[in-house]
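Below, chains carry the letters A, B, ... as their sequence lines are ordered, and counting in each starts from 1.
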Amino acid sequence: MGKNKEFDIVITPENRGGSSVISELFRYKDMMLLMLRRDIIANYKQTILGPTWAVIQPIVSAIITAFVFGGLAGLSPSGIPTFLFYMIGQVSWGFFSGSLNGSANVFLNHSGLLSKVYFPRFVMPITDVMSRCISLLIQLAIFAAFYIGFVISGAAIRPHWTIVLLPFYLAHLAVIGVGVGSILSAFTTKYRDTVFLIGYLTSFWSYLSPIVYDIGIVPERFLKIYLLNPVAPVINHIRYAVFSQGMLTWNYYFISLAVGILLLIAGYKVFNKTERTFIDTI
Amino acid sequence: MSEQETIIKIENVSKKYRLGVLGRGTLKADLQSRIAKMRGLEDPNSKIGENNDRFGENGDYIYALKDVSFEVKKGERLGIIGKNGAGKSTLLKLISRITAPTEGSISYNGKVTSMLEVGTGFNGELTGRENIYLNGAIIGMTKEEIDAKFDDIVEFSEIGKFIDTPVKRYSSGMYVRLAFAVSAHLNADILIMDEVLAVGDVSFQRKCINRMKEIAENENKTILYVSHNMSTVHELCDRCIVLEEGKLVYEGDVAHAEQIYRGELSGGASMNYESNNMHINPHTMLSEALFVSAAYPNGEQTIDENGILPIDISWQIKEECKDLNLRIEIRTRYDRALATKLYKNLEHDEIGKVYSDTFYLDLRMLARGTYATKYTLMRPGKYGDALNLDQVQGMDIVIDQAYNEEEFAWHTEWWGVQIPD
C-alpha cells in the first residue's frame with residue numbers, strides 16, 4: 001500500500017495492521033499482570049477457604065483415583081506411595097487440560113470484552129496460562145509437603161536429578177495444551193458443539209496418557225505407538241524426575257517437544273486468523 | 001481547522017456478514033446446508049424474505065457497510081448518525097480493529113481507543129482503584145501512564161473516599177462516573193465513543209461533553225462520536241456523517257446532517273392519509289371529517305420571498321358537520337409545540353365530498369432548522385372547547401435560509417427558534 005505511506009496503521013481485509021506482534025504483546029504486559037491479579041482476587045474473594053480450594057481439588061481427586069485405580073483396579077506401581085503417584089499425575093494433567101480448555105474457549109469466555117475493545121488477542125491465552133501457573137505452584141507446594149511427609153515416614157523414594165527440568169516439563173505441557181487449544185478455538189467460535197467434544201477429547205486423551213496407571217502396564221508392542229502421544233513421554237519424565245523410578249524415553253520426549261512446538265505455531269496461526277473476524281460469528 | 005492534517009482515511013470500506021452463519025452456529029446446521037447444496041436443494045437454514053440491494057444475490061449475506069469513504073482531520077469531532085442498523089457501530093468496530101473489513105482499507109495515525117461501554121472490563125470484586133488500573137490497562141495504557149493520571153481520574157469521577165471499596169457496592173451512578181472518568185483520561189490520539197453517554201445523569205453528561213470538547217480543543221485529539229441523542233451530537237461535534245443502510249449518504253455540517261437523518265423518519269413533499277391510515281383520531285364518535293392528503297404545490301417545499309409557505313390540503317366530509325376548522329401546529333423535533341396557526345370555516349357542506357384548499361403559513365419569524373408539523377381538523381364543542389375530528393402527522397418544514405436571519409449565525413440550540421423582527 002504505497003500510497004498510504006503517510007499513515008502508521010493501515011487496516012485491510014488481509015492485515016489488521018499494527019506493529020509486530022511480540023512488541024505489541026510486550027506493550028500490554030501491564031494488562032496481563034492486572035488481569036492475572038483480577039483472576040486471583042475475583043476467584044477467591046468471599047470464599048472462606050480462599051486459595052485453599054486450588055489445593056483441595058487435586059488432593060481429593062488424587063485420593064479418589066488412588067482408591068479406584070490403585071486400590072480396586074490394582075494399577076498402582078510398586079514402591080511408590082499410591083497417593084503421591086496419582087497426585088503428581090493429576091496435577092500435571094490438570095494443568096495440561098486446563099491450558100487446552102482455556103485456550104480453546106478463550107473467545108467464548110471473553111467475548112464481552114473482546115467485542116468491545118482491541119488489544120492483542122493472544123494476551124488472553126497467555127493470561128489464562130499464567131493464572132493456571134499460580135494454582136499449579138500452590139498444588140506443587142502441597143505435593144512437596146506430602147512428599148516430604150512420606151519420606152519421613154519411611155517411603156523409599158527420592159527425586160532424580162532431572163527434577164531441575166520440572167519447570168521445563170511443565171512449560172512443555174502448556175505449549176502442547178495452548179497449541180491444541182488454539183487450533184480448536186477456531187471451531188469453538190463457530191460451533192458450540194465443539195465445547196462438548198473437547199470435554200470428551202480431553203478425558204479420552206487422559207486415558208491414553210499415563211495418568212491413572214503406570215506406563216509399565218502398557219504392553220511392549222504398543223509402547224512405540226503409545227509414546228507418540230506427545231503428553232505421554234512428558235508425564236512419564238515428570239514421574240521419573242519425582243520418583244526416580246520407571247524409564248526415561250528421551251527420543252520420544254524430543255519428538256513430543258518438536259510436535260508441541262509445531263502445534264503451538266500452528267495454533268498461533270489459526271488463532272490469529274480466527275481473531276480477525278470471530279466477533280462476526282460468535 | 002482546515003489546515004490540519006488528515007488523521008483517518010477510510011477508503012471504499014465494505015463489511016459483509018454472512019447471514020447463514022449468524023442464523024446457524026451449530027455444526028449440524030452447517031452440515032445440513034452443505035448436504036442440501038450438494039444435492040442441489042434449497043438451503044433449509046437460509047433466511048426468507050427481505051430483498052434489497054443490501055443483500056447478496058442469493059440473500060446469503062448482508063452488507064453492513066458498503067463502499068464507505070471519508071476522511072477525518074486531526075482535532076475534529078465527528079458525529080456519526082443513522083438509524084439502528086445503518087452500520088455506525090460496525091464502522092467503529094472496524095476502525096478500532098475489533099473485526100476486519102471485507103473490502104477497502106482504513107488508515108490512521110496514532111493510537112485509537114474506544115471508550116468502553118459502562119462496566120466492560122470492570123470486575124465487581126475489585127475496588128475502584130484496582131478497576132481504574134485494570135480498565136486503563138485494557139484500553140492500552142501502561143501502569144506509569146495511569147499512575148500519572150490517577151488523581152485526575154478520581155477527581156473527575158467524584159468517587160472520593162469510596163475509591164477503595166469494591167465496585168459491586170457502588171451505586172449505578174458511581175459506577176458510570178468511574179467508568180467514564182477512566183476513558184476520559186485515556187492516552188489516545190483518536191477517541192471512539194459509541195453511545196457511551198446514554199447513561200448517567202444530565203449534569204454528569206454535560207460534564208463529560210465539556211471534557212470531550214476540552215480534550216479535542218486543547219490536546220488536539222480526534223473524536224468519533226456515535227449517538228441517537230442529537231442534542232449531544234449538536235453540542236459535541238463540529239461535523240457529521242450520516243449512514244443509511246450501510247452507505248454514506250451525507251458528510252458535512254451537523255444541522256444539515258440531522259435534517260437528512262430526520263428526513264427518513266417523516267416528511268417528504270406529499271402525504272396520502274387515506275391509503276396509509278395515519279389518522280390519529282381519539283374520539284371515534286367524532287369522525288365527521290377526515291384528512292385525505294397533503295402536499296406542497298409543485299411537488300416541493302417552496303417558501304417565497306416574504307416567508308410564506310403554501311400547503312395543499314384536502315379533506316373529506318364523512319357525516320353532517322356544522323363547523324370545520326384546521327389547525328397547523330409547528331413542533332420541534334422532540335415533539336414540543338412551538339406555534340400554531342388556525343384556519344377557520346373550511347368548506348363542509350356536502351357529505352362524502354372531498355374538498356381541498358391551499359393554506360399559507362407565515363414562517364418569517366422561524367429560525368433555520370427542521371420542524372415537524374401536525375394537522376388537525378376540529379370544530380368547537382358545546383362548552384367552548386375544541387373537538388378534534390382528525391389529526392395527522394404533517395410534512396416536515398425545512399428552513400435552510402431563514403427569511404429574517406441576522407448577519408451572524410443563529411444558534412437555535414441556545415437562542416430558540418423565533419428570530420426577532
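Nearest heavy-atom pair across B/Ala137 and A/Met31 is CB-CA, 3.5 Å. Taking each heavy atom of A/Asp30 and B/Lys143 in turn, the nearest pair found is OD2-N, 2.6 Å. Across A/Tyr28 and B/Ile138, no two heavy atoms sit closer than the pair CE2-O, 4.1 Å.
Within the 4.5 angstrom heavy-atom criterion, no atom of B/Lys16 approaches chain A. When heavy atoms are compared at a cutoff of 4.5 Å, A/Met32 does not approach chain B at all. In this structure, no portion of B/Ser89 lies under 4.5 Å from any heavy atom of chain A. When heavy atoms are compared at a cutoff of 4.5 Å, A/Leu33 does not approach chain B at all.
Rounded to the nearest 0.5 angstrom, A/Leu34 CG and B/Ile146 CD1 are separated by 6.5 Å. Note that CG of A/Leu114 is 12.0 Å distant from OG1 of B/Thr99, once rounded to the nearest 0.5 Å.
Ranked by heavy-atom pairs under 4.5 Å with chain A, the first of B/Leu134, B/Thr142, B/Ile10 is B/Leu134.
Heavy-atom neighbours of A/Phe187 CZ from other residues, nucleotides or ligands within 6.0 Å: at or below the threshold of 12. By the neighbour-count criterion of 12 heavy atoms within 6.0 Å, atom CZ of A/Arg37 is sparsely surrounded, having that number or fewer from other residues, nucleotides or ligands. Remark: A/Lys273 NZ is loosely packed, at most 12 non-hydrogen atoms of other residues, nucleotides or ligands lying under 6.0 Å away.
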- Item | Residue pair A/Arg38, B/Asn131: steps toward the side-chain contact (heavy atoms from CB on, under 4.5 Å) verdict | CA-CA 9 Å; A/Arg38 180 197 72 172; B/Asn131 265 311; over 6 Å; no
